[in-house]
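As the structure is a computational prediction, the values presented were derived from the model and not from experiment. Whatever order the structure lists them in is the order used to number ligands and atoms, beginning at 1.
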Amino acid sequence: MAWTERQQAMLDAMGLRLWVPPVLDVASEAVEVAPVSAPLAAAPAVITPAVRARADIAALDWPSLRTAVAGCTACGLCQSRTQTVFGVGHPRAQWLVVGEAPGAEEDAQGEPFVGASGQLLDRMLAALQLTRSSEGDAPPSQRVYIANTLKCRPPRNRNPSIEEMAQCEPFLVRQIELLQPRIILAMGKFAVQALLRSDEPIGKLRGRVHRYQGVPLVVTYHPAYLLRSLQEKAKAWEDLCLAADVAEGADRPS
Ligand code: URA
């Protein structure tokens, strides 16, 4: 099989030499509608301050959303964080990458995915000519916005709790509404839980196109997992190619 330039670049970026991907037939991929209205935690039956706060967040523009995140004290993570990590990228990026939560380096720098897993992510994105930078003259189709499910670092990088995810969720929901991405790449279990309300393993959800509020969504492994499980890199590459095909319009009905 002949590799395209893009495929070769991706293989190089991910440190892979020989791998033959299956032929992707995006048109025949199952399209799933995620029950995104399902609550992460039991929904409050009355109008509590938290419910009011959700409605307020849903009306914010980019600058006021950033300010709201920076001042958030809705859960205990505000006590241990150095700073919130809002997200990075151009507000008109066509790609949205959603991760889990800031780690130590992200907490220190205030930007998502700046540690080792972020470097792998950047290499993977660069192989597709995609950039998180909001500078320069790249078209929206080559721009990626990166956000996390949680905006604050859980102490010692422990898993986010359901309560923390529920409190933080309106921020990500609003980021998606404002961005209106053409493709969402959900990386890892917590992004998948937040966006698809699914506890299925990544291995079962990847390889097909899901939907979040009508937006095509592709599931893939978290880069931190890829750093530990080299054999899964090929699958992540396949997922990125699927997302790229969808972003380029291959899933549009003719
Ligand atoms: N892992 C994530 O999910 N997000 C980050 O920002 C860093 C590491």
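At a 3.5 angstrom cut-off on N or O pairs, F113 counts as close to ligand 1. Among the atoms of S117, none of the N or O lies under 3.5 angstrom from an N or O of ligand 1. Taking any N or O of P112, backbone or side chain, none lies under 3.5 Å from an N or O belonging to ligand 1.
Between Q193 and D199, the side chains place a donor N or O and an acceptor N or O closer than 3.5 Å (distance only, hydrogens not considered). Side chains of Q167 and K151: no donor on one and acceptor on the other come within 3.5 Å.
Hydrophobic clustering, with ILVMFWY side chains joined whenever heavy atoms are under 4.5 angstrom apart, groups W62 together with L172.
Remark: ligand 1 atoms within the under-4.0 Å shell around heavy atoms of E100 are 2 (C), 3 (O). Ligand-side atoms of ligand 1 in range of A101: 1 (N), 2 (C), 3 (O), 4 (N), 5 (C), 6 (O), 7 (C), 8 (C), range being under 4.0 angstrom from any heavy atom. Close approach of ligand 1 to H222 (heavy-atom distance below 4.0 Å) involves ligand atoms 1 (N), 2 (C), 3 (O). The G99 neighbourhood of ligand 1 comprises atoms 3 (O), with distances under 4.0 Å to a heavy atom of that residue.
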Practice task
Let me see the working for R206 and D239 under salt bridge (Lys or Arg N to Asp or Glu O under 4.0 Å), right down to the final yes or no.
Solution key: CA-CA 7 Å; R206 58 166 296 279; D239 298 333; 3.0 Å; yes
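For atom 4 (N) of ligand 1, the closest non-hydrogen atom on the protein side is N148 OD1, 2.8 Å.
Applying the side-chain contact (heavy atoms from CB on, under 4.5 Å) rule to V215 yields the partners P181, I184; only residues at least two apart in sequence or on another chain are considered.
Closest of all the heavy-atom pairs between A186 and L195 is CB-CD1, 4.2 Å.
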